[in-house]
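Please read the structure below before turning to the comments.
Model, not experiment: these values are computed from the prediction.
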Amino acid sequence: MTTDSLSHSLSVSQSKVMICGDIVWAHEEVKRTLGPLADVVRMDSPSREMFYADLAGKYAGTVAIYRHNRSADQIGIFDEELVDRLPTSVKWIAHNGAGYDQIDFEACKKRGILVSNTPGAVDDATATTALYLLISTIRQYSIAERQARSGLWKNGLKPAHDPSALALGILGLGGIGMQLARLAHGFPMKKIYYHSRNRVCDAPPWIEYCPTLEDLLSKVDVLSLHVPLKAETEGMIGKKEFGMMKKGAILINTARGKVVDEEAMIEALHSGQLSAAGLDVYPNEPNINPALLEFPTVTLLPHMGTETQESQKAMEVRALENIRLCLTGGVPKDIIPEHRS
């Protein structure tokens, strides 16, 4: 189904929109944006089984779904099984978040359901999280704070590095990667490199493009990951890639935990191939591998990337706006790449 025919079919009559996951900051925007256009129902099913039963009842006729990852606590992720059980009336899923790995977008495509996300709304918050991890690992601030709190002062701490002495590599120069580059350029870093599937035409002249991942890995002292989790990116930084990096390099990950082979990362930390790591994401959240707790040079955060009031409201509003455009005959601008063709 094209976006034009979808928009027409949704705009001809009053529609039903399901809020799947809590709205925290944008309650007024829900009333103002969707109230005149749709019957808004809140998904309050306590389990997947009850959700399936309610699809034929209070959720019947839903045409668009606002989805937040928090809904997985009740009904699980939007995997193929769940997508296949959605009513045939559902034509749009507006996901709140930049990453959409909790949605089986291929199953959605087969059902004629388009998916949007909220890129841009998370750029500042996630980039500042990456910046904190970068500074903390380069300057050893995380372990230094723990020692200060424990009364150990600077015992055992070796002199760290100035950011201006190190080269930063950014894997994935999208909105978040670009914002981190701008922030890090202010230090300045000694050099900033990036690798993406394609050269970014509007990249600033002070960022150098590396045509291959191998080229990027060989040049940088700090590698920051900013790629989405897909089949082709799962485990893309593993033993081979760590071996290509400089001895004592630093890894920053605010993307998704499964982009990195965690066991290979732990091995690299043990061997000294990695001197430090700054992590905000993990393969099995909220669980953190206990082995990571043993490395004093590893800075750990509990997925704080978008934990700001401003970013969370912006994400909610952007997802709601995608639904509004869909209902009024417009074309939502945030259709995921896999659904644009």
Side-chain angles (χ1 to χ4, degrees), residues 3 95 97-109 114-124 126-127 129-131 134 167-185 189 191-246 249-262 264-265 280-281 283 305-306 318 332-341:
T3 54
H95 176 62
Y100 45 93
D101 48 286
Q102 289 197 9
I103 301 174
D104 189 329
F105 54 81
E106 291 295 343
C108 289
K109 193 171 185 178
L114 293 176
V115 177
S116 60
N117 62 339
T118 59
V122 302
D123 290 356
D124 284 346
T126 307
T129 300
L131 181 68
L134 184 150
L168 170 64
I170 296 175
L171 180 57
L173 197 69
I176 298 169
M178 183 71 81
Q179 182 64 359
L180 173 63
R182 294 189 187 101
L183 294 171
H185 182 59
M189 301 293 295
K191 183 72 179 178
I192 300 178
Y193 301 92
Y194 80 95
H195 172 70
S196 293
R197 286 174 297 178
N198 301 297
R199 185 188 295 268
V200 177
C201 60
D202 59 349
W206 40 263
I207 306 180
E208 182 175 324
Y209 175 63
C210 293
T212 66
L213 175 59
E214 293 76 12
D215 187 30
L216 178 74
L217 297 176
S218 67
K219 290 180 175 179
V220 303
D221 303 291
V222 184
L223 176 68
S224 190
L225 307 181
H226 303 280
V227 295
L229 178 60
K230 303 179 181 180
E232 59 267 31
T233 62
E234 184 169 348
M236 73 179 301
I237 303 299
K239 184 174 182 178
K240 175 184 175 183
E241 288 71 28
F242 287 125
M244 295 178 180
M245 298 171 71
K246 297 178 181 179
I250 296 171
L251 177 72
I252 307 298
N253 190 7
T254 57
R256 285 292 186 266
K258 290 183 179 179
V259 169
V260 176
D261 180 333
E262 187 174 62
M265 176 179 65
D280 188 43
V281 289
T306 58
R318 189 150 179 168
K333 59 186 177 182
D334 296 324
I335 300 171
I336 64 173
E338 295 84 356
H339 286 187
R340 289 175 190 165
S341 57

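- Between Phe242 and Val260, some side-chain heavy-atom pair lies under the 4.5 Å cut-off.
- Residue Ile170 is tested with Val220, Ile207, Ile192 for a side-chain contact (heavy atoms from CB on, under 4.5 Å); the sole match is Ile192.
- Aromatic ring pairs are classed by plane angle as parallel below 30°, tilted from 30° to 60° and perpendicular above 60°; the pair His339 and Phe105 is perpendicular.
- Under the side-chain contact (heavy atoms from CB on, under 4.5 Å) test applied with Leu225, the options Ile252, Val281, Asn253, Thr233 reduce to a single match, Asn253.
- Two residues are said to be in side-chain contact when any heavy atoms from C-beta on lie closer than 4.5 Å; Glu234 and Leu229 meet this criterion.
- The two residues His95 and Gly99 make their nearest non-hydrogen contact at NE2-O, 2.9 Å.
- Contact check for Glu338 versus Lys230: side-chain heavy atoms found under the 4.5 Å cut-off.
- Annotation: side chain of His226 is not in contact with side chain of Leu173 (no heavy-atom distance under 4.5 Å).
- At least one side-chain heavy atom of Leu131 sits less than 4.5 Å from a side-chain heavy atom of Leu180.
- Here the closest heavy-atom approach between residue Gln179 and residue Ala127 is recorded as CG-CB, 3.5 Å.
- Enclosure of atom NZ in Lys246 by more than 12 non-hydrogen atoms of other residues, nucleotides or ligands within 6.0 angstrom is indicated.
- Under the 4.5 Å side-chain criterion, counting only non-hydrogen atoms from C-beta, His195 is not in contact with Glu214.
- Screening Ile176, Ile237, Leu171 for a side-chain contact (heavy atoms from CB on, under 4.5 Å) involving Val227 leaves a single residue, Leu171.
- Once rounded to the nearest 0.5 Å, the distance linking CG of Leu251 with CE of Met265 reads 6.5 Å.
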